[in-house]
Structure formats: C-alpha cells, structure tokens
Amino acid sequence: MCACRTDTTEDIASLVYQATSQIPEGMVTTYGDIATALGDRVASRAVGEILSKNEHPLIVPCHRVVYSTGEVGWYGGRDKGSERKIELLEQEGVHIVGGKVQDFATRRFRDFCIDPVLKWMRDEQDRMAAQVIEEDTFGKLEYIAGLDVSYEGENAFAAIVLMDWEHMKMVEERTIQCKITFPYIPTFLSYREAPAIRRLIEKRPGAVYLIDGQGVLHPRGAGIASRIGVGLDIPTVGAAKSVLVGSVQDVDADSSPILLDGRIRGWALRQGSKATYVSVGHRVSLDTATRICSRALKHGIPQPLRRAHELANRARREAST
DNA sequence: GCGACAG
DNA sequence: ATCTTGTCGC
Ligand SMILES: [Mg+2]
C-alpha cells in the first residue's frame, strides 16, 4: 500500500517517471500498469508517449516497461527496434523468448507508489456532472462563439470566433498562445484544453459557447464543454467531430439521436461525409443545442467552430514563421 | 489486419 | 492533435 498524494497538481510526466523509477531491476511492468497507478488505464498510450521522450534512459529505466501482451516493444525510437531493450533486460536477468518476457506474470511489478491523480480528476468530473443544468437558462440568444486549440508540441494556440446569431456574421475573433503540458488522455481532454480555452472567454450576455469536444456525452457526463460551462457558469454546447460514448441511431441520416444508457443524450448532424456530434454542455437544453448547431452548420461543422479551428491553425503557422 | 476512446 | 504527396470530392 501507499498513500502518496501530492499537494499540487503534479505534472503527469514526472509521475510517470517516478513510477518507472520504482520498477526494481529484474522486474518489468506495462504501460497500462503505470496508467492504472496514475488512476486510469485509459492513459496507457499517454504513458507510452511520455516514456518515448525519456531523456535519461538508464536513470529512468523505461526499458523495463513492456506491452501488456508481454512483447518487449521498441526502444530509443521506433526505427531502432527492440534490440537494445532486450539486451538491457537480459543483463538484468529478465529473459526474452520469442520477443516476449519469460515468466511475465511473476516478473511483473505493479506495486507503485505514486499519486493517482486521474482518480482525483474522475472524482472532480463526477462533482462537475452533478452541477450541469440541461435547460435553457440564458436570455435572448444574440451570439454564438466557437473555441478550438491547435498545437506545435507543447506550444498551443487557442482561438475564439464570435458570431452574430441573427445574421451569422463574425463579430470578434482572438487568439492566445500558451504552453500546454498535460497530455491528451481520452475522457480527460478538459484537463489539457480547458485552461487555455477559459482564458479566451469573457462572459458576454446572450452568448452561447460551442466547444470542440463533448458535453455530457462523456462516461461521467463531464466532457470539456460541460466542465467549462459549469466552471465559468456560462451556456455551453459540446460539438465534437467524432463519438466518445453513446451510439448514433441512424448513421446515414442527416440528423440522428445519440443514445446513452437508453436515453437520447446527443444528436449527430451530418452534411455529406462530415458530421458533428452535439451534446449539452451547460445551461442549454439538448433541443436548443441541436438547433443552434443545425442552423450554424456549414461543411458539417458549426461555422464559429470551423472558423476558430482555422484561426488557431493560422496562428500556429504564422508563429513558426 | 481489424477495431479504435473527444482532441 | 500532428506527421505530409498526391488525391478525392464538391
Ligand atoms: Mg480541437
């Protein structure tokens, strides 16, 4: 057992390195085991990405982290294969037979002592979800805004585009640049993008904010749109380019309900090959959220979101010039 | 090779 | 999300 809990939100990467450093010589673990120690196995790929950038290969023994199948996996770059990794493990008494760890089950170390931050985040998501209001609690609709983020490594460019609801004309646009170190982990997107997005929002009466990602159409009902909505107490809509949870009833229809736990929790809006998956963020009914996105839809994407996406990309390209 | 868990 | 030539579709 272990009861470590960091006082501040520690960087995920340093927790991964902490865990990796706890693997004893002669033992191995998996990316999923480290993710589980972080609090959620869905982070396994993020763990792999972090370890692939390990700058101290022998001090932080990432060669002791293998696939859940027992396969060794690559080391020192995908192009370099697993030769070196096998060599290091053999030196430590871990035998590799047919590309797999021999006696994998007994060699497997899982007794990590790191702060399970993702568990605390899940708890927070549960609390957020309980605060979501799925009704229209804003005045007359005057504006819709779209928000998105573009990346160049840890350099992030967030953009907002505000449009007039009646004439669907652009009213305002703005971008910011910032560093984002929190990795992309499915179901935890808001911890990566919400801080940047929040900085762009100045509460404007009559505005509904469309956010690139899910609202309540999330395993815990706390997608990025809901988290931002509840956090800032503003009307938000989740408008995603793909599905996270739930099933689209009619995949071919221009408009189809998305069911989750036997209830309609979202709508799929399609234009040709492109689709937008709409769900309530906060303080908006599903009906209103869907109407807003439908009317603003262009090329399968609500216009303010499409423009915010383009704007964020433009800001990124212009910055690297 | 398939299926795939937002960005 | 990004890596990226030529390709595909409206
Ligand atoms: Mg995005």
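Chain A is the first sequence line, chain B the second, and so forth, proteins listed ahead of strands; every chain is numbered from 1. Values reported hereafter were calculated over all heavy atoms of this structure, with side chains retained and with hydrogens, waters and symmetry mates removed. In this text, all values refer to a predicted model and were calculated from it rather than measured experimentally.
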Locate the shortest heavy-atom distance separating [X] from [Y]; write the atom from each residue and the value.
X: A:D233; Y: A:H282; answer: OD1-NE2, 4.0 Å
X: A:Q271; Y: A:H299; answer: OE1-N, 3.0 Å
X: A:V248; Y: A:A268; answer: CG1-CB, 3.9 Å

Which part of the nucleic acid does [X] contact within heavy-atom distance under 4.0 Å: base, sugar-phosphate only, or nothing?
X: A:I224; value: base
X: A:Y184; value: base
X: A:H309; value: sugar-phosphate
X: A:N313; value: sugar-phosphate

> Contacts to DNA chain C from residues 258-267 of chain A, heavy-atom cutoff under 4.0 Å, which residues?
Replying inline: none
> So which of residues 237-253 of chain A are in contact with DNA chain B, with a heavy-atom cut-off of under 4.0 Å?
Replying inline: A:A240, A:K241, A:S242, A:V243, A:L244
For atom [atom1] of [X] and atom [atom2] of [N], their distance in whole Å:
X: A:E49; N: C:dT2; atom1: CD; atom2: C1'; value: 10 Å
X: A:Y191; N: B:dA6; atom1: OH; atom2: P; value: 18 Å
X: A:E154; N: C:dT2; atom1: CD; atom2: P; value: 15 Å
X: A:I301; N: B:dG7; atom1: CD1; atom2: C1'; value: 13 Å
X: A:Y151; N: C:dC3; atom1: OH; atom2: P; value: 14 Å
X: A:K53; N: C:dT2; atom1: NZ; atom2: P; value: 14 Å
X: A:Q125; N: B:dC5; atom1: CD; atom2: P; value: 17 Å
X: A:R192; N: B:dC5; atom1: CZ; atom2: C1'; value: 15 Å

Quick test of your reading of the model: are [X] and [Y] salt-bridged, counting only N-O distances below 4.0 Å?
X: A:E87; Y: A:R84; answer: yes
X: A:D252; Y: A:R270; answer: no
X: A:R122; Y: A:D126; answer: no

Side chain of [X]: nearest nucleotide among [options]?
X: A:S150; options: B:dA6, B:dG7, C:dT2; result: C:dT2
X: A:L189; options: B:dC5, C:dT2, B:dG7; result: B:dG7
X: A:E193; options: C:dC3, B:dG7, B:dC5; result: B:dG7

> Does A:R41 place a side-chain N or O at less than 4.0 Å from the phosphate oxygens OP1/OP2 of B:dC5?
Replying inline: no
>> Could you walk me through whether A:E135 and A:T137 satisfy the side-chain hydrogen bond (donor to acceptor under 3.5 Å, both in side chains) test, starting with their C-alpha distance in whole Å, then the side-chain angles of each, then the deciding distance to 0.1 Å, before giving a yes or no?
In response: CA-CA 6 Å; A:E135 290 168 9; A:T137 61; over 6 Å; no
> From A:R174 CZ over to A:L311 CG, what is the distance, rounded to the nearest 0.5 angstrom?
Replying inline: 11.0 Å
> salt bridge (Lys or Arg N to Asp or Glu O under 4.0 Å) with A:E172: which residues, sequence neighbours excluded?
Replying inline: A:R204
> Distance only, no hydrogens: is a donor on one side chain within 3.5 Å (strictly under) of an acceptor on the other, for A:Y151 and A:E193?
Replying inline: yes
